[in-house]
Protein chains: 2
Amino acid sequence: MAEVAKLAGVSVTTVSHVINGTRPASDATRRAVQAAIDRTGYRPNTLARALARGGTQSLGLAISGLSNPYFMDVVAAVEDAAGRAGHTLLLGDTREDPEHELRIVRTLAERQVDGLLLAPSVGALETTLPWLESAEVPVVLLDRFLDVELDQVGCDNEQPTARLVEHLIDVGHTRIAMAIGIPGLSTTDERVRGYRMALDQAGVPFDPTLLADGGSQRDQAREAMHALLDLDQPPTAVVSGNNFMTIGLLRALNERGLRVPDDIALVAFDDFEWADLFAPRLTVIRQPTTELGSRAVELLLSRLEDPTRPVRTERLEATFVHRDSCGCTGSSRAAHAAV
Amino acid sequence: MAEVAKLAGVSVTTVSHVINGTRPASDATRRAVQAAIDRTGYRPNTLARALARGGTQSLGLAISGLSNPYFMDVVAAVEDAAGRAGHTLLLGDTREDPEHELRIVRTLAERQVDGLLLAPSVGALETTLPWLESAEVPVVLLDRFLDVELDQVGCDNEQPTARLVEHLIDVGHTRIAMAIGIPGLSTTDERVRGYRMALDQAGVPFDPTLLADGGSQRDQAREAMHALLDLDQPPTAVVSGNNFMTIGLLRALNERGLRVPDDIALVAFDDFEWADLFAPRLTVIRQPTTELGSRAVELLLSRLEDPTRPVRTERLEATFVHRDSCGCTGSSRAAHAAV
DNA sequence: CTGTTAGCGCGTTCAG
DNA sequence: CTGAACGCGCTAACAG
C-alpha cells in the first residue's frame with residue numbers, strides 16, 4: 001500500500017480513502033491511485049483492515065453432520081445469503097459433541113467473526129453458550145431451540161410429526177414405532193411430543209418399547225429397527241425422526257427382506273429431493289431448509305445492525321408430503337411402479 | 001493482552017511467549033500468566049497474530065454446487081482434514097461461473113488464507129488461474145483437471161465411464177444415449193471420451209444426436225431427456241454424467257411414465273448413499289469423495305510445507321457398482337421388489 | 001481536497 | 001530467564 005502511495009505520488013491515507021470511497025478525492029488523484037494499484041498488482045489485506053476497523057465482514061457457521069443433505073442445503077443457503085451481504089463464511093463441524101463444539105466456536109470467535117450461526121448440540125447449554133455469552137459474540141441459534149435469550153430459527157416439529165402419526169392411524173395402524181434422534185435436542189423432544197400427542201388424541205395406547213433411540217444417526221437407527229423387529233409384537237409402521245435415520249431404517253428392513261409399504265409402513269421427517277422418483281416413494285415432512293438458512297443469516301445481520309433489538313424466535317412451517325410409503329393408496333403396486 | 005500482562009506483573013512479551021510456548025519461562029511466571037488469562041477471560045486475536053506472523057492457519061475452499069451431495073462429502077472431508085491440521089475453513093461457492101469464481105477466490109486470498117482448494121469452473125484458465133498465479137497463492141485443484149503446473153486431485157473418469165457403457169452393450173443395447181455435463185470440464189470431456197471409446201471398441205456406431213447436453217444440472221438434464229425421447233429412434237439406454245443429472249433424467253422418464261429398467265436402462269456416474277435401498281436400484285460408478293477431499297488437503301499442506309516440491313497430479317480410482325437399473329438381472333421384478 | 005500521526009493486537013528481533 | 005521497542009497493513013482522527 002505504501003508502494004502504491006509512492007507510485008501515485010500521494011499518501012497512504014489517500015490510497016485508503018479512494019479504495020474505500022471513504023471521502024471525496026479529485027478525479028486526478030483517484031485515477032493516479034487506480035493506475036498505481038493496477039500496476040503494482042496491489043491487493044488489500046482484509047486482516048489488517050479488520051484489525052484496524054474492528055470488524056471482519058465474516059460469519060461463522062457451526063453445525064453438525066455436514067454430510068447430511070438437510071444441513072447441506074442450510075449451508076448452501078447460508079453461504080449464499082452471507083455472500084450477498086458481503087460476508088465470508090467460516091465453517092466448522094461441531095460433531096454433535098459439546099467439547100468439540102466449544103473448540104470450533106472458540107476458534108471461530110478468535111478469528112473475530114462478526115457473528116455466529118450455531119446448531120447447538122446437546123450440552124451446549126452448559127459449555128458453549130455460557131462461553132459465548134461471556135465472549136459477547138452475536139449468535140443466532142439454528143434448527144434447534146434452547147431456552148435462552150438469543151435469536152433462534154427453526155421449524156415446527158410437534159404438529160407435523162403428529163400429522164404423520166395421525167395419518168398412519170387413519171390407515172389403520174396402531175402399533176406405530178418411532179426412531180427418535182438424540183434425546184435433549186429440541187427437535188427430538190418436540191417430535192416425540194408430536195408422536196405422543198397423536199396417539200393420545202386417537203386413543204391409541206403409548207408403548208415405550210416402540211420408541212427406539214436412533215441417535216439421529218444412520219447406523220444406530222438401523223440397529224434400532226432390527227431391535228424393533230425382534231419384538232414379540234413388532235410394529236406395523238415406523239416413523240423416522242430424520243433423514244439420516246430413514247436410510248438406516250430402510251437398510252434394516254432391506255436386510256430383513258421386508259417391503260415398504262406392503263410389509264411395514266414408513267413415514268419420515270425430512271424430505272429427499274429425489275423422493276418421488278424412487279420406490280418406495282416416501283411420505284414425509286419437508287422442512288424449508290433454504291429458507292431456514294437465509295432467515296438465520298438475516299436475523300444475524302439485523303442483530304449486528306442493532307444489538308439492542310429484542311430477541312426473536314422464528315418457527316418456520318414444515319409441509320406434509322403425501323406419497324406411497326404410508327401404504328394408504330390401496331394399490332401397493334402403485335408404489336412399486338414408480339419410474 | 002496488555003491487561004493480562006499487567007495483572008500478571010510481567011511484560012506482554014512474556015505473555016506472548018507463555019501462550020505460544022515460544023521460549024522458556026519460570027514456572028512461577030507461567031502460572032501467574034495463566035491465572036491472569038483465566039481471570040481476565042482473555043482470548044487471543046487470531047487476526048492480529050496472523051498479521052504479525054504472516055500466516056493465518058486457514059484454508060479456502062472454492063467449489064460449486066454446495067447442494068450437490070457429491071461435493072458435500074468433499075466439503076465434509078476437507079473441513080475434517082483441515083481441522084485436524086489446525087486450520088479453519090473458509091467456504092465459497094463459485095456457482096460454476098468464472099466471474100463469480102474470481103470474486104470468491106479473490107475474497108479468500110485477501111483474507112490471507114494460507115492455501116486454496118479450487119474446483120475450477122470452465123473459463124478458470126482465462127480468469128481465476130492467471131490471477132492466482134500472479135497473486136502467488138498456493139493452490140490445489142480439485143475434481144477437475146487442468147493443463148497447468150499445479151497440484152491436482154481428481155478421479156479417473158474415462159475408463160469407468162467406458163465400463164458403464166460396455167456393460168450396457170453387453171446387455172444388448174446399441175442405442176445408448178448420454179447426458180453430459182458442462183463441456184470443457186475435464187470430468188465431462190473425459191467421460192464423453194470413455195463413452196465413445198466403449199462404443200468404438202464394440203463396433204457400435206457413434207450417433208451425435210444421442211449425446212445430450214445436461215449442463216451438469218438437474219433441470220437441464222430433464223429437458224435433454226425429453227428431447228432424447230422425442231427422437232425418431234429414441235435410445236434404449238442412458239448413461240448419466242453425474243448425480244444431479246441422474247435426478248433430472250429420472251424425472252423426465254417419470255413424466256413419460258417410463259420404467260427403469262423395463263422400458264429403458266439407466267446407469268450413472270456418481271453413487272448415492274441410499275442407492276441400494278430404493279427401486280430402481282442404480283448401477284453406478286462411485287467416486288471416493290471423502291478420500292478426494294482429504295487427499296486434496298494433504299497435498300495442499302505438503303505444498304505449504306515445501307513450496308518447491310514438484311507438482312503432483314493424483315488420479316483416484318472410481319468403482320463400478322453393479323445393481324439393477326441396467327436391467328441385466330433378467331428379472332426386472334427383482335429391481336422393483338427392493339426393500 | 002490532502003497528509004501526519006497514532007493506534008488495532010500481536011510476534012519478534014534485540015538487549016539486558 | 002525477561003523487557004523494550006519496532007513493525008505487520010490498514011483505518012481514523014486530527015490538522016492543514
Side-chain angles (χ1 to χ4, degrees), chain A residues 1-37 40-58 86 88 106-114 135-137, chain B residues 1-37 40-58 86 88 106-114 135-137:
Chain A
M1 181 152 164
E3 196 184 334
V4 174
K6 205 184 307 169
L7 216 152
V10 297
S11 73
V12 288
T13 308
T14 303
V15 175
S16 170
H17 280 121
V18 324
I19 287 178
N20 299 307
T22 309
R23 82 182 179 192
S26 81
D27 250 35
T29 55
R30 214 179 312 151
R31 260 197 302 278
V33 170
Q34 192 52 53
I37 286 180
T40 52
Y42 163 79
R43 49 201 192 92
N45 183 328
T46 311
L47 261 49
R49 167 183 314 202
L51 188 57
R53 273 215 283 234
T56 55
Q57 295 281 98
S58 68
T88 302
R106 220 174 181 134
T107 305
L108 259 22
E110 287 172 0
R111 283 184 189 276
Q112 312 295 122
V113 293
D114 291 338
E136 296 182 342
V137 183
Chain B
M1 183 155 162
E3 198 186 333
V4 173
K6 204 183 307 167
L7 215 151
V10 298
S11 75
V12 289
T13 308
T14 303
V15 175
S16 170
H17 279 138
V18 326
I19 287 178
N20 299 307
T22 308
R23 84 181 176 193
S26 79
D27 249 34
T29 55
R30 213 180 312 150
R31 260 196 302 277
V33 170
Q34 192 53 54
I37 286 179
T40 52
Y42 164 79
R43 48 204 192 90
N45 183 328
T46 312
L47 261 50
R49 166 180 314 198
L51 189 57
R53 273 214 287 234
T56 55
Q57 295 281 95
S58 68
T88 302
R106 219 172 180 136
T107 305
L108 260 23
E110 287 174 358
R111 280 194 154 38
Q112 312 295 121
V113 293
D114 291 339
E136 294 181 343
V137 182

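Naming: A, B, ... by sequence-line order, numbering from 1 per chain. Just so it is clear, the model here is predicted, and its values are computed rather than measured.
Within residues 18-33 of chain A, the residues approached by DNA chain C to less than 4.0 Å at the level of any non-hydrogen atom are A:Arg23, A:Pro24, A:Ala25, A:Ser26, A:Thr29, in residue-number order. Of the residues in residues 6-13 of chain A, A:Gly9, A:Val10, A:Ser11, A:Thr13 come within less than 4.0 Å of DNA chain C through at least one heavy atom, sorted by number. Within residues 40-53 of chain B, the residues that have a heavy atom under 4.0 Å from DNA chain D are, in order of number, B:Leu51, B:Ala52.
B:Asn45 contributes atom CG, which lies 3.5 Å from atom CD of A:Gln112 (distance to the nearest 0.5 angstrom). The CD atom of A:Glu110 sits 7.5 Å away from atom CZ of B:Arg43, with the distance rounded to the nearest 0.5 Å. With rounding to the nearest 0.5 angstrom, the CE atom of B:Met1 is 4.5 Å from the OG atom of B:Ser16. Here OG of A:Ser58 is found 8.0 Å from CG of B:Leu47. Values are rounded to the nearest 0.5 Å. Atoms CZ and OG1, on B:Arg111 and A:Thr88 in that order, are 3.0 Å from each other to the nearest 0.5 Å. Interatomic distance, A:Leu51 CG to B:Thr46 OG1, rounded to the nearest 0.5 Å: 11.5 Å.
For A:Arg49, the salt bridge (charged side-chain N to carboxylate O under 4.0 Å, His left out) criterion is met by no residue, not counting sequence neighbours. Applying the salt bridge (charged side-chain N to carboxylate O under 4.0 Å, His left out) test to A:Arg106 and every residue at least two apart in sequence or in another chain returns nothing.
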Please report the C-alpha distance between A:Thr13 and A:Arg23 in whole Å, then the side-chain angles of each, then the deciding distance to 0.1 Å, and finally whether the side-chain contact (heavy atoms from CB on, under 4.5 Å) criterion is met.
CA-CA 10 Å; A:Thr13 308; A:Arg23 82 182 179 192; 3.7 Å; yes
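Remark: side-chain polar atoms of B:Asp114 are paired, donor with acceptor, to backbone N or O of B:Thr56 under 3.5 angstrom.
Between B:Val18 and B:Arg31, every side-chain heavy-atom pair lies at or beyond the 4.5 Å cut-off. B:Arg30 places a side-chain heavy atom less than 4.5 Å from the side chain of B:Asp27. In this structure the side chain of A:Ile19 reaches within 4.5 angstrom of the side chain of A:Ile37, judged on heavy atoms.
Computed from coordinates, the B:Arg111 CZ to D:dG9 C1' distance equals 15 Å when rounded to whole Å. Distance, A:His17 NE2 to D:dA12 P: 7 Å, rounded to whole Å.
The span of DNA chain C lying next to chain A, judged by atoms under 4.0 Å from heavy atoms, is bounded 5' to 3' by C:dC1 to C:dG9.
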